[in-house]
Amino acid sequence: MNEIYIEKFGGASVNSAETVRNVASIILTQNNKRIIVFSAMGKTTNALESIVKDFYKTKKIKSSLIKQIEDNHLVIIKELFGDGSKEIESKLKIVIKEIEETLIKYKNSTINLLYDAIVSYGEIISTLIISTYFKCIGIEHILIDARQVIKTDSNFRGANVDWRLTKKTIKEQVSPLFKENQIIITQGYISSDAKNNPTTLGREGSDYSAAIFAYFLKAKNVTIWKDVPGLLNADPKIFSKTVKFDKIPFSEAIELSYYGASIIHPKTLKPLENKSIPLFVKSFIDPKASGSVICHCKSTTPNAPSYIFKDNQTLLTLFPKDFSFIVEERISAIFSIFAQYGIRINLMQNSALSFSVCFDLIDQELLYDLIDKLAPNYTVKYNDGLRMITIRHYNEKAISSVIKDEEIIIEQRSRVTAQFLVKK
Ligand code: ASP
Ligand code: MG
């Protein structure tokens, strides 16, 4: 059989020498043709983000921040390679130097382009170390640069895939590699535009990369390895008791991620659903356990309400100054202003004389700017720091288990979903 499988290992699965060894042991248990997609190690992307912010403000390289990234990786390298670490250490040095050169190169460009050019190094470094280690222990593979294969537009920090071009690059550059290789290793999250500028697919975008490869290679399935046993009905950091779903339909998983469940990068599921490629979510801590599968199935098993908490919500309420009713034309004008600010609306409610919209926290400056834009026609009131609680497949017991004495600002219920915007 020549079927291809896709696996994705996130940052937490490769945040230490011990976890990298664990990943190797998982990979060694199978022997089919695979693309293995890796994220940056641990919290590297956040650390690179700090470098970008600092450099954009000061236009000076803060060496302590760069050194921290180098040191974090050196700890892992030393433990993985012991006495044989010199070669990979000098390769790491070259990449670190490249980060500094890239900062200079993009000194006068927009923050978003600078951002993508720099944060993409997290994945470059992780795959460099992992690939070198795999070679060292005899896991044969070929390492490819995802930036040459995943092509996007120039919407930096959340680039849109150019499906036509990516189909071509995968067909020409990736598929033929399986003639001589069983395993291909590559980076998640990173890509490039038509001019070969580096781009990224949005935070946590490695899942999406895995789905893109799966889509074009008609993969048998995708496995995302995580530090939780599978898809849970609530965030285990908030809830002491959670239920693991064994099976969940694509449509339901898409709904959950739409409401903010941080299970999987939201763009991941659609391409897989279209090609009927099941997505397994499994624990890298307990790789033999069954995990969860998202697939074309009728309903979720076991059946349980899902709880999604989304903090940092802002609520704007608009009252037309001319006391006219809130009618369709007004709503469409309001929407177009929100779209200009790239705001994704999480919940809205209208009455005859007011229109309320809830969305994720945006930059304070941007918020004031937005309010200024609305001010000529509306009196604007706002609340921030709110929490949105969404319960899918709710019942009264599920609601009373999470809504206690919070002040409820807006409440909405459909047949399947109950949402509460509350003051924390
Ligand atoms: N390294 C990137 C991030 O932390 C992408 C990913 O992990 O999926 O957002
Ligand atoms: Mg991650």
Side-chain angles (χ1 to χ4, degrees), residues 6-16 19-20 23 35-53 65-66 68-70 72-73 76 92 95 99 102 111-131 143-147 149-150 152 155-161 185-192 198-215 222-228 231 235 237 253 257 260-272 279-284 294 360:
I6 313 289
E7 300 191 55
K8 180 253 163 173
F9 289 91
S13 68
V14 288
N15 63 0
S16 67
T19 48
V20 172
V23 167
I35 294 199
I36 310 177
V37 173
F38 286 98
S39 292
M41 292 176 152
K43 301 268 178 251
T44 308
T45 308
N46 292 353
L48 288 162
E49 221 171 47
S50 310
I51 292 181
V52 172
K53 278 194 189 138
L65 291 177
I66 297 195
Q68 190 60 56
I69 288 184
E70 185 175 4
N72 292 346
H73 289 97
I76 298 176
L92 174 66
V95 182
I99 296 179
T102 307
I111 175 107
N112 290 349
L113 171 55
L114 174 73
Y115 182 100
D116 282 359
I118 297 300
V119 296
S120 44
Y121 280 104
E123 272 70 13
I124 296 296
I125 298 175
S126 75
T127 47
L128 170 70
I129 296 172
I130 292 161
S131 165
L143 171 64
I144 62 168
D145 187 332
R147 291 172 298 187
V149 184
I150 309 284
T152 66
N155 191 26
F156 301 106
R157 288 181 84 160
N160 301 298
V161 173
I185 286 179
T186 193
Q187 306 82 19
Y189 178 55
I190 68 175
S191 41
S192 68
T199 55
T200 62
L201 302 173
R203 288 303 307 264
E204 304 299 325
S206 296
D207 295 344
Y208 187 34
S209 304
I212 298 164
F213 282 111
Y215 181 86
V222 176
T223 304
I224 293 184
W225 295 92
K226 288 175 89 83
D227 56 0
V228 285
L231 290 177
D235 183 348
K237 287 186 207 101
S257 74
S262 55
I263 38 172
I264 283 159
H265 186 277
K267 285 184 177 171
T268 307
L269 295 166
K270 209 66 199 141
L272 299 179
L279 173 71
F280 289 85
V281 178
K282 296 182 74 164
S283 159
F284 61 79
I294 304 174
D360 290 351

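First listed ligand is number 1; within each ligand, the first listed atom is number 1. Please read these numbers as outputs of a predicted model, since none were measured by experiment.
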Would you say G205 contacts ligand 1, with heavy atoms under 4.0 Å as the rule?
yes

Taking distance alone, with N or O pairs closer than 3.5 Å, would you say T45 contacts ligand 1?
yes

Which one holds for H265 and ligand 1: side chain close, backbone close, both close, or neither close, with close meaning a heavy atom under 4.0 Å?
neither

If you measure from CZ on F284 to CD1 on I224, what distance do you get to the nearest 0.5 Å?
13.0 Å

Applying side chain to side chain contact (heavy atoms under 4.5 Å, CB included), name anything that partners A117, two or more places apart in sequence or on another chain.
T102, Y106, P198

For the residue pair T200 / D116, report whether a side-chain donor-acceptor contact shorter than 3.5 Å exists.
yes

Interfacing atoms of ligand 1 (cut-off 4.0 Å, heavy-atom, R203):
3 (C), 4 (O), 9 (O)

Least distance between heavy atoms, I76 atom then N15 atom:
CD1-O, 3.7 Å

Residue pair I36 / F9, side-chain heavy-atom distance below 4.5 Å
yes

Quick one: which ligand 1 atoms are inside 4.0 Å of a heavy atom on Y189?
2 (C), 5 (C)

Could I get the full list of side-chain hydrogen bond (donor to acceptor under 3.5 Å, both in side chains) partners for D235, not counting sequence neighbours?
none

Which of the atoms in ligand 1, numbered in the order shown and given with their element, are less than 4.0 Å from a heavy-atom of E123?
1 (N), 2 (C), 5 (C)

In ligand 1, the atoms that come under 4.0 Å of a heavy atom of S39 are 6 (C), 7 (O), 8 (O)

Ligand 1 and K8, any nitrogen or oxygen pair closer than 3.5 angstrom?
no

